[in-house]
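Below, chain A is the first sequence line, B the second, and so on; all start at residue 1.
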Amino acid sequence: VYNVNLVLKGFCQSGDCDKAMGLFCQMKRNCVLPDSISYNTIVNGLCKAKRSVEARDLFEAMKAGDCKPNLVTFSALIDGLCKNGEVEEGLDLLEEMEKKGLEANVFVYSALISAFCNKGEIERGKQLFDEMLGKNVTPNVVTYSCLMHALCKTGKWQEASQMLNDMTTSRVHPDVVAYTVLADGLCKNGRASDAVKVLDLMVQKGEEPNTLTYNAVINGLCKEGRVDDALKILEMMAKKGKKPD
RNA sequence: UACUCAAGAUGC
């Protein structure tokens with residue numbers, strides 16, 4: 001099963017969901033019974049291929065069979081529905097899992113928060129954030145990043161900047177993505193100078209900026225007509241032995 | 001106290 005699961009994932013990742021499904025069906029015949037990871041891999045693959053109807057069907061089949069949906073199944077499906085614009089259905093699933101006694105974790109909440117944030121409904125995102133705190137589910141760097149992203153997109157860059165401090169005081173360590181989200185968000189709000197400060201801060205904290213980070217800041221500087229400063233960033237990359245893309 | 005499944009970022 002172990003080995004077959006890896007291949008299932010491989011097919012899904014390369015967009016060959018159908019091949020994965022074919023292999024999945026063969027497993028049952030060849031007495032390598034699919035386990036929950038096999039199922040979850042397919043559910044997730046279907047979701048990523050925007051085939052949420054089929055993902056749901058498989059989910060229903062799991063409920064009817066021996067391999068019941070677990071936390072990962074719900075998490076993958078909720079995210080899939082959300083990304084398919086069916087956020088309310090995602091919330092329904094949250095209810096359903098709770099009724100079954102499965103406790104939503106940070107993956108489930110982050111997926112939902114991300115979805116509401118992307119729809120521009122930050123308030124609902126924040127509500128979920130409070131809800132998870134109330135349930136003693138600890139937000140992680142992904143949760144914070146989603147919120148920072150949304151805050152920046154709606155002009156609330158101060159709040160987003162504050163959130164970086166919040167996470168530090170909550171002992172959640174910002175990673176490259178978190179810093180990049182904020183730097184980019186600041187740029188989008190015409191605050192390229194602040195973005196450069198974020199860049200400096202992360203270096204100071206020992207977090208290596210990557211190409212995406214640099215691109216965000218460079219783009220921000222250029223949009224403000226500060227092309228010379230942008231060039232300096234390129235030079236800074238060169239000094240570090242980073243290849244510009 | 002290992003190995004397979006789920007959530008976040010740039011440019012067009």
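Between the CZ atom of A:Phe11 and the C1' atom of B:U4 there is a distance of 16 Å, given to the nearest Å. Spacing between atom CG of A:Leu182 and atom P of B:U10 amounts to 13 Å, rounded to whole angstrom units. Per the geometry, CG belonging to A:Leu212 stands 12 Å off C1' belonging to B:G8, to the nearest Å. Nucleotide B:G8 holds its P atom 16 Å from the CZ atom of A:Phe116, rounded to whole Å. When rounded to the nearest whole Å, the span between NE2 of A:His173 and P of B:G8 equals 22 Å. Following rounding to the nearest Å, A:Ile113 (CD1) and B:A9 (P) show an atom-to-atom distance of 14 Å. Atom CG in A:Leu81 sits roughly 17 Å away from atom P in B:A6 (whole-Å rounding). The nearest whole Å value for the distance from the CD1 atom in A:Ile218 to the P atom in B:G11 is 13 Å.
Contact annotation for A:Lys223: no contact, since no heavy-atom pair falls under 4.0 Å across all strands. Residue-level contact check: A:Val217 touches neither bases nor backbone, having no heavy atom under 4.0 Å from any strand. Among the heavy atoms of the strands, none lies under 4.0 Å from A:Ala183. Among the atoms of the strands shown, none is found under 4.0 Å from any heavy atom of A:Asp245. Contact annotation for A:Asn210: base contact, defined as any heavy-atom pair under 4.0 Å involving a base atom. Residue contacts shown for A:Asn140 include a base, since a base heavy atom lies under 4.0 Å away.
Of the candidate nucleotides B:C5, B:A9, B:A7, B:A9 has the atom lying nearest to any side-chain atom of A:Val177. Of the candidate nucleotides B:A7, B:A9, B:G11, B:A7 has the atom lying nearest to any side-chain atom of A:Val106. Counting only heavy atoms from C-beta on, A:Tyr2 has its side chain closest to B:C3 among B:A7, B:A6, B:C3. The A:His149 side chain lies nearest to B:U10 when the options are B:U10, B:A6, B:A7. Here B:A6 is the nucleotide among B:G8, B:C5, B:A6 with the atom lying nearest to any side-chain atom of A:Ser75.
Sequence neighbours left out, the pairs with a member in residues 5-22 of chain A that pass side chain to side chain donor-acceptor pair (under 3.5 Å) are A:Asn5-A:Asp35, A:Asn5-A:Ser38, A:Asp18-A:Arg51.
Judged by distance alone with a 3.5 Å cut-off, no donor-acceptor contact links the side chain of A:Tyr39 to the base of B:C5. Between the side chain of A:Asp175 and the base of B:G8, at least one donor-acceptor pair of N or O atoms lies under 3.5 Å.
Under the 3.5 Å distance criterion, the side-chain polar atoms of A:Asn40 are matched with a main-chain donor or acceptor of A:Ser36. Without hydrogens or angle criteria, A:Glu224 side chain to A:Ala192 main chain gives a donor-acceptor distance under 3.5 Å. Between the A:Asn84 side chain and the A:Lys50 main chain, no donor and acceptor come within less than 3.5 Å of each other.
Note on A:Lys48: a side-chain N or O is less than 4.0 Å away from OP1 or OP2 of B:A7. Between A:Lys83 and B:A6 there is no side-chain N or O to OP1 or OP2 distance below 4.0 Å. In terms of phosphate contacts, A:Lys9 brings a side-chain nitrogen or oxygen within less than 4.0 Å of OP1 or OP2 of B:C5.
Each of A:Leu112, A:Leu94, A:Val137 was evaluated against A:Glu131; a single residue qualifies, A:Leu94, per the side-chain contact (heavy atoms from CB on, under 4.5 Å) test.
Between A:Arg56 and A:Glu89 no salt bridge is recorded (no basic side-chain N to carboxylate O distance below 4.0 Å).
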